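In this text, all values refer to a predicted model and were calculated from it rather than measured experimentally. Convention: sequence-line order gives letters A, B, ...; per-chain numbering from 1.
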Amino acid sequence: RLTRFMEALEHISGNIDKIYKQLTKSSRHPLGGSAYLNLENEEEPFLHGIKYSAMPPTKRFRDMEQLSGGEKTVAALALLFSIHSYKPSPFFILDEVDAALDNLNVAKVAGFIRSKSNGLQSIVISLKDTFYHKAEAMVGVYKDFQTGCSRTLTFDLTKFEES
Amino acid sequence: RLTRFMEALEHISGNIDKIYKQLTKSSRHPLGGSAYLNLENEEEPFLHGIKYSAMPPTKRFRDMEQLSGGEKTVAALALLFSIHSYKPSPFFILDEVDAALDNLNVAKVAGFIRSKSNGLQSIVISLKDTFYHKAEAMVGVYKDFQTGCSRTLTFDLTKFEES
Amino acid sequence: GKIDRIELENFKSYKGHQVIGPFFDFTAIIGPNGSGKSNLMDAISFVLGVRTSQLRGGQLKDLIYAFDDREKEQGGRRASVKLVYRLENGTELLFTRIITGAGGSEYMIDDRVVNWDDYNARLKSLGILVKARNFLVFQGDVESIASKTPRELTVLLEQIC
Amino acid sequence: GKIDRIELENFKSYKGHQVIGPFFDFTAIIGPNGSGKSNLMDAISFVLGVRTSQLRGGQLKDLIYAFDDREKEQGGRRASVKLVYRLENGTELLFTRIITGAGGSEYMIDDRVVNWDDYNARLKSLGILVKARNFLVFQGDVESIASKTPRELTVLLEQIC
Ligand SMILES: Nc1ncnc2c1ncn2[C@@H]1O[C@H](COP(=O)(O)OP(=O)(O)OP(=O)(O)O)[C@@H](O)[C@H]1O
Ligand SMILES: Nc1ncnc2c1ncn2[C@@H]1O[C@H](COP(=O)(O)OP(=O)(O)OP(=O)(O)O)[C@@H](O)[C@H]1O
Ligand SMILES: [Mg+2]
Ligand SMILES: [Mg+2]
């Protein structure tokens, strides 16, 4: 049990910095931020915990509580994607994870998901058009006014020019 | 104490339906939804509670838990504005309350706030451009790249054409 | 493999029989507030065996389509979700979960009734760990992932070991 | 009356002395993630006397500008926020709250030091009920307002009576 746990932790903390840098790098900060996981107590990992720290490019504080709403969302997605990479499921479903993100961060996250989509199927619910500009297909949901129930329409976006 | 409480409740429940209708009416549903407050126990209001119910125009369920993220946000804003109308403060500050709203609902909420701004000062933090299209002034916040600290610029939007 | 399509039968706000899909490698779901987007994610989570309390329902019967509060109280109504999963080799594998008239749940693989353990084992063999749910992010949950306490993070990691 | 402008001195991510405003009847605050928008709302909440824990700070000294974690630990740093309130008759009323070098709080009205009770009484006379906070919605709080339990709603109403 302990060896499996340490193996998972090893894999995830090796991955998280790479993913966080991919999500936070920009023309102004080509290196991106930094993120890591630390065991609070090496001897008894199960009794204590794992501390997660993420620092955006311009920041120098280690305390996650000081991050803004959007910065926390990006840090959370980096953690999620790196945990997922240890035991990848064939698909991923995200429901309005972009609610706190500004347009730049939405584009970065959508780009990241698009880059992972060979081998990992992503289904993303969003109110912002940046996501469906990067998607291959779009499911439009609407309420049928006669009956008040939900209906859907599916569009194959690959038929249109490359987004 | 009890009379004051009942007076507040009377005022707010008289107001909430009107505000909720203003936030939910549209060309397709000119009447909007309906919202009301009920005392769980008339005899001892302090021991029990006040039940809030809001029903969007196409819905027929009374249970607030069944509402979607965006529908809950609109119901919450109606409650907030009606509570505020009982003891109005001179100003209101809202931080990204539009995160779960689709463009139609953002426009409705921004329009409602604009209509209230004679006599009530509103300061709204938002990532969506619908809000600043309706605002009179805009404070742009940015990070100064040399020092990494926050700075602001203020724009008087009334000088440009009416939005 | 991947999800090809889902077939709903009276599930939440989806009345009657509706086929949704096909899903591609990167599919966006859009629509106005209250239209039924999160209910679609609930449908996929439901067919994989995720607990009802996570799907904004008190009991299974809350997940069955109802026109209004009165219809909700009527007994004997049914609902189901079928997930059509396409394997690497192109063949289709069907996972179905049914809410029976009596208010219980029934599981089927390729139209054969199975018990929950076999159903879950088959999902696990495809890499779908329902208990860990490391592939589902429900509406409003994302920020809380970054604010988990160190203890909570350990628990999360243990579930995927 | 209304808020005319605010003047910050080393408050959170705002280094040095900065004047922000003027504020109109409907002002929108925009900017990228992490730029300092919510910190502005924290500044206005702080000067009105809202508790530090509501401003994402553990202690008062967390609200003082610091370049990095090391500088945070240095003692003797100060910060302040001044809110310039314009009355109906056009005169300006100044509310100031200071974090002293010793880490305590000091309140001033029109540049005269006052105690918290007088400060709060003056705000109340303008209709600003800090305890009820029925005019502030912090980031992420809006949806939870609609999900309050009946008991919680009664408590909320009692605060504004
Ligand atoms: N059993 C049911 N029968 C009929 N309608 C239902 C049932 N359960 C939920 N609903 C309806 O489904 C609607 C919610 O849909 P959903 O949460 O999927 O919206 P959404 O598209 O995600 O919206 P948002 O963008 O605001 O998050 C509610 O208005 C609710 O009344
Ligand atoms: N005492 C302090 N000194 C310097 N910087 C600070 C201090 N306290 C907080 N910060 C910084 O302020 C930033 C957060 O700003 P804020 O929460 O206002 O962002 P925001 O503009 O609201 O972003 P979002 O759109 O993501 O909500 C954090 O990155 C944090 O590091
Ligand atoms: Mg939703
Ligand atoms: Mg913010």
Under 4.5 Å from a heavy atom of chain D, the part of [X] involved:
X	result
Glu136(B)	both
Ala78(B)	neither
His48(B)	backbone

Minimum heavy-atom distance [X]-[Y], with the two atoms named:
X	Y	value
Val141(B)	Ile29(D)	CG2-CG2, 3.8 Å
Ser150(B)	Gln18(D)	O-NE2, 2.9 Å
Ile125(B)	Lys37(D)	CD1-O, 3.5 Å
Lys87(B)	Asn134(D)	O-ND2, 3.5 Å
Ile50(B)	Thr154(D)	N-OG1, 3.5 Å
Phe24(D)	Gln121(B)	O-NE2, 3.1 Å

Checking Tyr14(D) against chain B: side chain, backbone, both or neither under 4.5 Å from a heavy atom?
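Its backbone and side chain both get close to chain B.
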Check each atom of Leu123(D) against the heavy atoms of chain B and say whether the ones under 4.5 Å are side chain, backbone, both or neither.
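It is neither, since no heavy atom gets under 4.5 Å.
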Under a 3.5 Å distance rule, please check whether Glu152(D) uses its side chain to pair with a backbone N or O of Gly49(B) as donor and acceptor.
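Not at all, since once roles are kept as given, no pair shorter than 3.5 Å links the two residues.
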Among Phe81(B), Tyr86(B), Phe92(B), Phe91(B), which residue satisfies the ring-ring contact (aromatic ring centres under 6.0 Å, His included) criterion with Phe135(D)?
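The residue from Phe81(B), Tyr86(B), Phe92(B), Phe91(B) that satisfies ring-ring contact (aromatic ring centres under 6.0 Å, His included) with Phe135(D) turns out to be Phe91(B).
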Going from NE2 on His11(B) to CD1 on Ile160(D), what distance comes out if it is rounded to the nearest 0.5 angstrom?
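His11(B) NE2 to Ile160(D) CD1: 8.5 Å, rounded to 0.5 Å.
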